[in-house]
2 protein chains.
Amino acid sequence: MKTLRILAIDDHEMTMLGYKFILENIEFEGYDIIVDTANTYEAGKKLIEDSVNSFKYDILLLDVQLFAPNENQPHSGEDLGILARKLVPQSKIAFMSSFSDNFRINSILKSVDPDGYLVKTDIDPKTLEDAVKTIVLNPPYYSSKALTAIRKKMANDIELDEKDKQILYHLSMGTKNKDLEKHIRLSPSSIENRKRHLKSLFGTENENDMALIIAAKNRGFI
Amino acid sequence: MKTLRILAIDDHEMTMLGYKFILENIEFEGYDIIVDTANTYEAGKKLIEDSVNSFKYDILLLDVQLFAPNENQPHSGEDLGILARKLVPQSKIAFMSSFSDNFRINSILKSVDPDGYLVKTDIDPKTLEDAVKTIVLNPPYYSSKALTAIRKKMANDIELDEKDKQILYHLSMGTKNKDLEKHIRLSPSSIENRKRHLKSLFGTENENDMALIIAAKNRGFI
DNA sequence: GGAAACCCCCAGAATTTTTAAGGATTTTCT
DNA sequence: AGAAAATCCTTAAAAATTCTGGGGGTTTCC
């Protein structure tokens, strides 16, 4: 009987216990599943670092948003994922996220290229079991809402460069027009040019920025 | 008992009978599944056109390569998909393909944005059942090998414009360097510039075109 | 050996992007 | 309501990028 080691990191302790219970009771031919847990960024980081010189985890299950203890700065699970890819490239990485935010999904798929991505409202015992088996045997596993976001992205023929993406992102965060230049290395008039260009790409000519953001959201860019 | 109508179009008659048998025996709560079949492009097209004014199919299951009778020109299922999207937008569309060719998958995901994509070697009775249920209830469904191609694409941060893609595509098809200019509206020296640029993007500087193609394939572009 | 194909580099031309400046319109705030 | 601020649009010159044609070197294949 081989052992399948899973490390789950989520700052809600009770939900994590739920995962642990479900995961450890999965029937998986030839495998005995053991779940370690951590509920802070720091604790998780430590366990991953420790694993480098001992038993590697087969799967790291990372919550996208994590709070450090006694802080109100959220650490992103994304950072932890990037770190883990370097330290323990053998371990498969899967993310769990509360929101099916296109921008976040796209970003994580690029930066970490995880073996799984689960939107939390998609998770139930059955999908969790499917996910674990798929991630081990035949990755990747993307849950239904994640797939919807991925589909939007793949169906798009609009190509945006980094600056365009930054403009869209900051606009969507409510950044005022005149403050954009502080975030993006371009002159105000260039930003306007690009905004106009973006509006024509998304078919929202002569409409305001809100229309642009909505169109970009629908197409999966934000 | 509602009826779920599926139209399967594949030029190999026997495999299609296999699909029909499996599909019509699926247990799907509240649905009675009926499968129509066609084994040529023309026959399929006709059935789709006829369906406009009668019962719409719930799912169109299209083989990517189709041969017309008495011709040796293959018609692409992609064309049929594009047509069907216009004529019967209510019908869900799923593709079946023999090869898990990244270029083809990317192209179809853009042009048709199908509700399902199945690589044939991934298909067995269970996945076919999963696929149908997912496509009806909660699309999209992508089979394992399709997901692998999609994953490669999503994980990439290299952005190529149309001309770059054309160059890669034609190179991968074995087009000779000096014939590239016949396919791509660029001067020979521009093509060289772009090829050099591509090689640096893919980290194959000072290597030959083969190395470039292999790198591009691995990253999911071709 | 010789022709054809491939690969590399250069410099001017052509194109696209950026920038600054000026003005019109709308929004916000008092 | 009126002033100030922010947004939106246009234009024209500067800057950056891309395209192109040419020269020349190396490899490949008759």
Side-chain angles (χ1 to χ4, degrees), chain A residues 103 106 110 153 156-219 221-222, chain B residues 103 106 110 153 156-219 221-222:
Chain A
F103 188 82
N106 292 336
K110 274 202 207 314
K153 187 74 176 196
N156 255 307
D157 46 2
I158 295 179
E159 289 174 15
L160 304 181
D161 65 16
E162 275 314 307
K163 299 217 169 120
D164 286 333
K165 286 181 196 160
Q166 285 175 32
I167 291 175
L168 285 179
Y169 174 72
H170 284 116
L171 273 182
S172 79
M173 300 300 283
T175 305
K176 302 290 179 205
N177 239 328
K178 65 154 196 152
D179 293 330
L180 281 179
E181 51 178 311
K182 293 174 190 161
H183 300 283
I184 300 164
R185 283 189 47 76
L186 279 177
S187 73
S189 56
S190 296
I191 293 179
E192 285 197 21
N193 274 341
R194 278 175 179 267
K195 257 174 48 183
R196 213 176 349 270
H197 179 229
L198 285 170
K199 286 181 185 174
S200 94
L201 281 180
F202 285 103
T204 54
E205 292 96 333
N206 300 324
E207 297 187 62
N208 62 16
D209 294 354
M210 185 59 77
L212 171 62
I213 297 175
I214 291 171
K217 274 219 171 89
N218 286 338
R219 304 268 221 127
F221 284 98
I222 310 182
Chain B
F103 188 82
N106 292 336
K110 274 202 207 315
K153 187 74 176 195
N156 253 306
D157 46 3
I158 295 179
E159 290 174 17
L160 304 181
D161 65 16
E162 275 315 306
K163 300 231 168 102
D164 286 332
K165 286 182 199 161
Q166 285 175 33
I167 291 175
L168 285 178
Y169 175 71
H170 283 115
L171 273 182
S172 78
M173 299 300 284
T175 306
K176 301 291 179 203
N177 240 326
K178 66 154 196 149
D179 293 329
L180 280 179
E181 51 178 309
K182 293 173 190 162
H183 301 283
I184 301 164
R185 282 189 47 77
L186 280 177
S187 74
S189 55
S190 297
I191 293 178
E192 282 194 25
N193 276 340
R194 278 176 178 267
K195 256 173 47 183
R196 211 177 350 269
H197 180 230
L198 285 170
K199 285 181 185 173
S200 93
L201 282 180
F202 286 102
T204 54
E205 290 96 334
N206 300 324
E207 297 186 63
N208 62 16
D209 293 355
M210 186 58 77
L212 172 60
I213 298 177
I214 291 172
K217 275 222 172 88
N218 286 337
R219 304 268 221 127
F221 284 97
I222 310 182

Choose from [options] the nucleotide whose nearest atom is closest to any side-chain atom of [X].
X      : options               : result
B/S189 : D/dC8, D/dT20, C/dC6  : D/dT20
A/N177 : D/dG22, D/dT7, C/dA20 : D/dT7
B/S190 : D/dT7, D/dT20, D/dC8  : D/dT20
B/R196 : C/dT18, C/dC8, D/dC8  : C/dC8

N/O (side chain, [X]) to phosphate O (OP1/OP2, [N]) under 4.0 Å:
X      : N      : value
A/N206 : D/dC9  : yes
A/S187 : C/dT18 : no
B/R185 : D/dC19 : no
A/K195 : D/dC8  : yes

Length of the [atom1]-[atom2] vector between [X] and [N], whole Å:
X      : N      : atom1 : atom2 : answer
B/L186 : C/dT15 : CG    : C1'   : 13 Å
A/E192 : D/dT10 : CD    : C1'   : 10 Å
B/I191 : C/dC8  : CD1   : P     : 15 Å
B/H197 : D/dT18 : NE2   : P     : 7 Å
B/D209 : C/dC7  : CG    : P     : 4 Å
A/K176 : C/dT26 : NZ    : C1'   : 14 Å
B/I167 : C/dC7  : CD1   : P     : 13 Å
B/K178 : C/dA5  : NZ    : P     : 4 Å

Original post:
Does a side-chain heavy-atom distance below 4.5 Å link A/L212 with A/L168?
Top reply: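 Yes; the side chains approach each other to less than 4.5 Å.
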
Subject >> SB check A/E192 A/K195 (cutoff 4.0 Å) >> reply: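 Answer for the salt bridge query: no.
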
Original post:
Hey, are A/D179 and A/K182 close enough for a salt bridge, meaning a charged N less than 4.0 Å from a carboxylate O?
Top reply: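 Answer for the salt bridge query: yes.
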
**OP:** Ignoring hydrogens and angles, tell me if any N or O in the side chain of A/K199 forms a donor-acceptor pair with the backbone of A/N206 under 3.5 Å.
**Re:**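 The answer is no, because no donor-acceptor pair under 3.5 Å joins these two groups.
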
Original post:
Taking all atoms of both residues into account, what is the closest heavy-atom pair of B/F221 and B/I158, and its distance?
Top reply: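 Looks like CZ-O, 3.6 Å.
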
